[in-house]
Colleague: 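I'd like to ask some things about the structure below.
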Amino acid sequence: MNKTLKLKKNYEFKIVLTKGKYYSGKYLDVFVKTNNSSFNFIGIAIGVKIAKAVKRNRIKRLVRENYRLLEKDLKVGYNIVFLWKKKVDIKNATFSNIKEDMTSIFKRIGILE
RNA sequence: GAAGUAAAUUGAAUAGUCGCGUAUGGCAAAACCGAAAGGUUGCGUAUGAGGAAAGUCCGGGCUCCAUAAGAGCAAUGAUGCUGGAUAACAUCCAGUGAAGGUAACUUCAAGGAAAGUGCAACAGAAAAUAACCGCCUUUUUAGGUAAGGGUGAAAAGGUAAGGUAAGAGCUUACCGCAGAUAUGGUGACAUAUCUGGUCAGUGUAAACCCCAUCUGGAGCAACACCUCGUAAUUCCAAGAAGGUUAAGAUGCUCUUUCGUCUUCUUGGUUUUGGUGGCUUAAGCCUUAUAGUAAUAUAAGGAAUAGAUAAAUGACUAUUCAUGACAGAACCCGGCUUAUAGAUUUACUUUAUUU
């Protein structure tokens, strides 16, 4: 079982956000772009204006945890970036809400087996 | 018991399963990523956010600005009762003064308004060489008068008696104010006595300003090193040779010191990625001694985050109860702001009992 790989550089994020495909969920926005490797890379971006540091960290952890639980069922070869929708209240950032949302988005994308 | 004041502590706990950062290389073995430098992976062990980590408001350390040292002037900004503490401070401690509170106690940007300039809207007769109304005299024109009037943040020391045409520090007493002297105190200042009625000059210096003291700039995205790449031949450093006192190293001046210009040689510089900087520090706790205290000295003790799209999470169970404010980003000392609840100590007022 490999570790979850992360996108690290600013230009990597930009490529995914500008050239990737956009999927909108109930709470999350997701950008997906294929890469030519045998791994999935993920990145999580939450704007400074949405919430203060503690709540931003909370959202990141929940997204990362949910991704970790789904990861073994995913097809490989994608760069994925998650964004939190600006208009959604942060109080909805619970584990079960994000789980439902992420599962449905992945099914629409077609990478969930 | 009730209300309150001050100081301090704490900032949900336990168990299980899965998962993350860092350190260690204890065990295991090779493999993988990369152009290289370098990095990654299994198991185990250890360890992993705060009292404010926040705001970035001060003071320092550290780094660079090629590079220094001294003297003077100016500018900028800051501080502003006194004495002490500290590496330093706008912080802290102990006092003084003023304001508030029955009190415990709290608050204070607390030098100078006769160095100069400015401002004081509206209201009001008048806002600083005061006569509108009123009062008095005179007799119709002038004079005296700050007692009384409303306004305003502020109205020309206050109260009482005498005095007067009516009044007024005009006179006296007390209070206040100013000055001098003495005593006490390191000092801010306090107390006492004497003198002053020409005690004519209101407020504002978080208005300019004056005085005293301090003050170079930028910041870890600082900075150092490694690797890849080699276009323009820019810029920088070192060395050698030649020439020279024009120009430069601080806003200016002076002195010392360095150095400037040209040619040649050598090395480096921009981009990519990586490593270091990166955590033990003028730090914390206890005891003893000195000190009212801040703190100092000595002895002893505990120490274990160091990420870089950035580690603490998810689920289940139980308990109190539905956990507030809130997440390290070079480090340290403070300040300010946010904060559910719980606990301890000392003290004040009041009620009751004895």
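Within every chain, numbering begins at 1; the chains are lettered A, B, ... in the order of the sequence lines, protein sequences first and strands thereafter.
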Colleague: I'd like the P distance from B/rG217 over to B/rA128, given in whole Å.
Modeller: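 So the two P atoms sit 44 Å from each other.
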Colleague: If the C1' atom of B/rA310 is compared with that of B/rU22, how far apart are they to the nearest Å?
Modeller: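 It comes out at 13 Å once rounded to the nearest Å.
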Colleague: Please measure how far the C1' atom in B/rA311 lies from the corresponding atom in B/rA329, and state the result in whole Å.
Modeller: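 Pairwise C1' distance, B/rA311 against B/rA329, rounds to 13 Å.
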Colleague: For atom C1', what is the distance between B/rU245 and B/rU260, given to the nearest Å?
Modeller: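 Approximately 9 Å lies between the C1' atom of B/rU245 and that of B/rU260.
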Colleague: Can you give me the closest heavy-atom contact between A/Leu83 and A/Phe31, atom names plus distance?
Modeller: CD1-CE1, 3.6 Å
Colleague: In whole angstrom, give the distance that lies between atom CD1 of A/Ile59 and atom P of B/rG327.
Modeller: 13 Å
Colleague: When syn is taken as a glycosidic angle within 90 degrees of 0, is B/rA247 syn or anti?
Modeller: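 B/rA247: anti.
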Colleague: Separation of A/Lys55 atom NZ from B/rG313 atom C1', in whole Å?
Modeller: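 It is 18 Å, rounded to the nearest whole Å.
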Colleague: Please determine which of A/Val30, A/Ile59, A/Asp29 meets the side-chain contact (heavy atoms from CB on, under 4.5 Å) test together with A/Phe82.
Modeller: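 Testing A/Phe82 for a side-chain contact (heavy atoms from CB on, under 4.5 Å) against A/Val30, A/Ile59, A/Asp29 leaves exactly one candidate, A/Val30.
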Colleague: Taking B/rG291 as the reference, what is the distance to B/rA104 when you measure between their P atoms (whole Å, please)?
Modeller: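 These two P atoms come out 30 Å apart once rounded.
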Colleague: Give the rounded distance in Å between these two atoms: CZ of A/Arg56 and P of B/rA311.
Modeller: 11 Å
Colleague: Let me know, please, whether A/Asn57 or A/Lys60 comes out on the 5' side of the other along RNA chain B by nearest nucleotide.
Modeller: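 The residue whose closest nucleotide sits nearer the 5' end is A/Lys60.
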Colleague: Whole-Å distance between B/rC20 P and A/Asn66 CG?
Modeller: 16 Å
Colleague: List for me each residue that meets side chain to side chain contact (heavy atoms under 4.5 Å, CB included) alongside A/Lys99, sequence neighbours excluded, and say none if there are none.
Modeller: A/Asn66, A/Phe95, A/Thr103
Colleague: Between B/rU9 and B/rA23, how many Å separate the two C1' atoms, rounded to a whole number?
Modeller: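 Approximately 33 Å lies between the C1' atom of B/rU9 and that of B/rA23.
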Colleague: How far, in whole Å, is B/rG51 from B/rU339 if one measures between their C1' atoms?
Modeller: 10 Å
Colleague: Minimum heavy-atom separation for A/Leu28 to A/Val63, with atom names?
Modeller: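 So the two residues come closest at CD2-CG2, 4.3 Å.
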Colleague: Assign B/rG51 to syn or anti; the rule is syn for a glycosidic angle within 90° of 0 and anti otherwise.
Modeller: syn
Colleague: Regarding B/rG19, can its base be found pairing with the side chain of A/Glu65 as donor and acceptor, where the two atoms are less than 3.5 Å apart?
Modeller: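 Flag unset: no donor-acceptor pair detected.
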Colleague: Classify the side chain of A/Arg61 versus the base of B/rG327 as yes if they form a donor-acceptor pair under 3.5 Å and no if they do not.
Modeller: yes
Colleague: Any idea if B/rG169 is syn or anti, going by the 90°-from-0 cut?
Modeller: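 Syn conformation for B/rG169.
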Colleague: Roughly how many Å apart are B/rG157 and B/rG201, using the C1' atom of each and rounding to a whole number?
Modeller: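 Per the computed distance, 14 Å lies between those C1' atoms.
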